[in-house]
Protein chains: 2
Amino acid sequence: MNNLLSNIKIEVPSGTYLKDPESSTLGKKILTHSIILIDEMGFESFNFKKLGAAIQSNESSIYRYFESKHKLLVYLTSWYWGWLEYQLVIETYSLTSIEDKLKKAIEVLTRTTKNDNTYTHINEVLLNIIVINENSKSYLTKDVDDDNKEGFFMPYKRVVKRFSELISEYQPDYDYPLSLASTVIQSALHQQFVKDHFKTISNFDKQHTPTQFFTDLVLNALTYGK
Amino acid sequence: MNNLLSNIKIEVPSGTYLKDPESSTLGKKILTHSIILIDEMGFESFNFKKLGAAIQSNESSIYRYFESKHKLLVYLTSWYWGWLEYQLVIETYSLTSIEDKLKKAIEVLTRTTKNDNTYTHINEVLLNIIVINENSKSYLTKDVDDDNKEGFFMPYKRVVKRFSELISEYQPDYDYPLSLASTVIQSALHQQFVKDHFKTISNFDKQHTPTQFFTDLVLNALTYGK
DNA sequence: AACGAAATGATAGTAATACTATTATATTTG
DNA sequence: CAAATATAATAGTATTACTATCATTTCGTT
C-alpha cells in the first residue's frame with residue numbers, strides 16, 4: 001500500500017495517553033521503539049526503564065506520555081485496530097458485488113500483515129505480531145469494564161461491527177453476524193499463534209492458508225443457512 | 001454428572017508442580033482456594049502470600065508445591081482441559097451415529113460448565129471462568145516453546161485432536177479439521193468473554209446460544225465442502 | 001538576543017511483587 | 001520413640017511500576 005491516502009491520522013482513544021505521542025519526535029520514538037522492544041522481549045519483561053535506555057531518553061519523560069505500560073499496550077493495539085479498519089474500508093469500498101466485498105474483507109482480516117509506508121514510525125508487521133501475542137492482555141484484566149466505558153476497545157469493536165455489517169448485507173437472515181465476525185477476527189490471530197507454536201494442531205501450510213479456511217467457513221455458514 | 005466414574009484422577013503434566021497437590025490436604029486446599037482467589041481478584045493481583053493468608057498457611061509452604069504462580073496457572077488450566085477431555089469421551093462414547101457424536105462434542109465444548117461432584121476440591125464452574133479469563137496468559141509468554149516441550153499444553157492439544165478426529169470421521173475430505181477444532185474451542189471461550197464484557201458485539205441471548213451458533217458453523221462447513 | 005514557558009532529564013524514593021534461603025516446629029511413619 | 005518428612009516463621013533480595021521533586025534544555029515570541 002503506497003501513499004494513496006497520506007496524512008490520515010489513525011484515531012486512538014484519547015484516554016489511553018496523557019500527551020499525544022504523535023505530537024512530538026520523542027512521542028514517535030516511544031511508539032517506534034516500544035513496538036520493537038515488546039516484540040523482542042514480550043510485554044511482561046518490557047518496562048519504561050528499558051524503553052528509556054533504548055531511545056536514550058528518561059523513564060520519567062515516557063511517563064509524561066503514558067501513565068502506565070498497560071495504557072501504552074492499549075494505545076498500540078487500538079492503533080492497530082484503527083489501522084485495520086482503514087484497510088478494510090479502502091480495500092472494499094470500490095467493489096460493487098457484496099460477495100466480492102465480503103471475500104475481500106475476510107482476506108484483509110486474516111492475511112499476513114504487510115508494511116504500510118504511510119506511517120514511518122510504526123512497523124505494522126511487528127505491531128501485528130504484538131497484537132497476536134499480547135492483544136488479549138489488554139482486555140483480560142479486572143479493569144475491562146472500566147476501560148471499556150472509557151472507550152478503549154472501540155477501535156476493535158468497530159472492526160467487528162463493520163465486518164458484521166458486510167455479513168448481514170450478504171445474508172440478512174443470518175442470526176449471528178456479530179458473533180461470526182468476532183470469531184473470525186479473534187481466531188485469525190489465534191491461528192497465527194498456533195501455527196508458530198503448536199504446530200501439531202495446525203493445518204496451515206503453503207497451500208492451505210488461514211484466508212482460505214476462513215473464507216470457506218464464512219461462505220458456507222452464510223450460503224446454506226441452518 | 002454423578003459419580004459414574006469415581007476416583008478417576010485427572011492427569012496433569014508433572015513438570016507443572018514440585019509436589020503433587022492431590023497428595024495432601026494442604027495441596028488440595030491450595031487448589032481449592034487458588035481457584036476462588038484467582039476468580040475473585042484476577043491472576044495479576046493474585047499471589048502466594050494472599051493465598052497463604054486465605055488458607056491459614058504459609059507462603060513458603062505453597063512454594064513447596066508450585067515453583068511459581070505461572071506454573072500453578074498452567075496446572076489449573078491443564079486440569080481443566082484434562083477434565084474436559086473426560087467429559088468429551090464419556091459423553092460421546094456410547095453414541096453410535098457419527099453425526100450425534102459430533103453434535104454432542106460441540107455441545108460439551110461450547111456449553112456453560114456445570115459442577116461435577118466427583119472432584120470435591122475443585123469448583124469446575126469457577127475454574128471455567130478462570131479458563132475464560134486467564135487461559136491465554138498460560139501460553140502467551142516468551143517461554144511458550146520451552147513450556148510446550150515440557151508437555152504443559154498436551155491436555156489442551158489432546159482435546160483439540162480428539163475433536164478434530166470426530167470432524168474427520170464425519171467428513172474425511174475436509175482440509176482443516178485441526179484448525180476448525182481449535183477455532184471452535186478457543187472461540188467458545190472468547191465468545192463467553194464477549195457476551196459478558198463487550199455486549200454490543202454479541203448476538204447471544206436465551207434463544208441464541210453459543211452451542212447453536214457453533215453447531216451450525218461446523219455442520220455447514222463440513223456438509224457443503226467448498 | 002532575551003525571556004518565559006514548556007518539554008525533557010536526572011535523581012531519589014516507595015510499596016509491592018515474586019521469589020530464595022534458613023531455621024524452627026509440627027506431624028507422620030517405621 | 002526417633003527419624004524423617006511436612007509445614008511454618010522469619011528474613012532477605014532484586015526488580016517492578018510507579019511518584020515526586022528539582023534541574024536543565026529547547027522553543028516560541030518579542
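Since we're looking at a predicted model, the values are computed, not measured. Here is the naming used below: chain letters follow the sequence lines, and residue numbers restart at 1 for every chain.
The distance between atom CD1 of Ile62(B) and atom P of dC19(C), rounded to the nearest whole Å, is 12 Å. Whole-Å rounding puts the Tyr63(A) OH to dT11(C) P distance at 18 Å. The interatomic distance linking Leu51(A) (CG) with dC18(D) (C1') rounds to 15 Å, in whole Å. We find that NZ of Lys71(A) is positioned 10 Å from P of dC18(D), with the value rounded to whole Å. Rounded to whole Å, atom P of dA18(C) lies 13 Å from atom CG of Leu73(B). Residue Lys29(B) contributes atom NZ, which lies 14 Å from atom C1' of dA6(D) at whole-angstrom precision. Residue Ile30(B) contributes atom CD1, which lies 13 Å from atom P of dA6(D) at whole-angstrom precision. Atom CE of Met41(B) and atom C1' of dT17(C) are 14 Å apart (whole Å).
Among the protein residues, Tyr65(B) comes within range of the sugar-phosphate backbone only, with heavy atoms under 4.0 Å from sugar or phosphate atoms but none that close to a base. Residue Glu67(B) is classed as a sugar-phosphate contact, given heavy-atom separations below 4.0 Å to backbone atoms only. Phe48(B) comes within 4.0 angstrom of no nucleic acid atom, judged by non-hydrogen atoms across all strands. When heavy atoms are screened at a 4.0 angstrom cut-off, Lys49(B) is found touching no nucleic acid atom at all.
Mapping Arg64(B) and His70(B) onto DNA chain C via the closest heavy atom, the residue that lands nearer the 5' end is His70(B). Nearer the 5' end of DNA chain D, as judged by each residue's closest nucleotide, is the contact made by Lys19(B), out of Lys19(B) and Glu59(B).
Without hydrogens or angle criteria, Asp116(A) side chain to Glu124(A) main chain gives no donor-acceptor distance under 3.5 Å. Of the possible donor and acceptor atoms, none in the side chain of Lys157(A) sits under 3.5 Å from a partner among the backbone N and O of Phe198(B). Lys142(A) contributes no side-chain N or O that, together with a main-chain N or O of Phe43(B), makes up a donor-acceptor pair within less than 3.5 Å.
Of the candidate nucleotides dT7(D), dA10(C), dC19(C), dT7(D) has the atom lying nearest to any side-chain atom of Ser61(B). Among dT7(D), dG9(C), dA7(C), the nucleotide with an atom closest to any side-chain atom of Leu26(B) is dT7(D). Ranking dT8(C), dA17(D), dA18(C) by closeness to the Asn47(B) side chain, first place goes to dA18(C). The listed nucleotides are dT8(C), dT10(D), dC19(C); the one nearest the side chain of Ser60(B) is dT10(D).
Under the 4.5 Å side-chain criterion, counting only non-hydrogen atoms from C-beta, Thr183(B) is not in contact with Tyr176(B).
Between the side chains of Ser182(A) and Gln191(B), at least one donor N or O lies within less than 3.5 Å of an accepting N or O.
Within the 4.0 Å cut-off from OP1 or OP2 of dT7(D), not a single side-chain nitrogen or oxygen of Asn58(B) is found.
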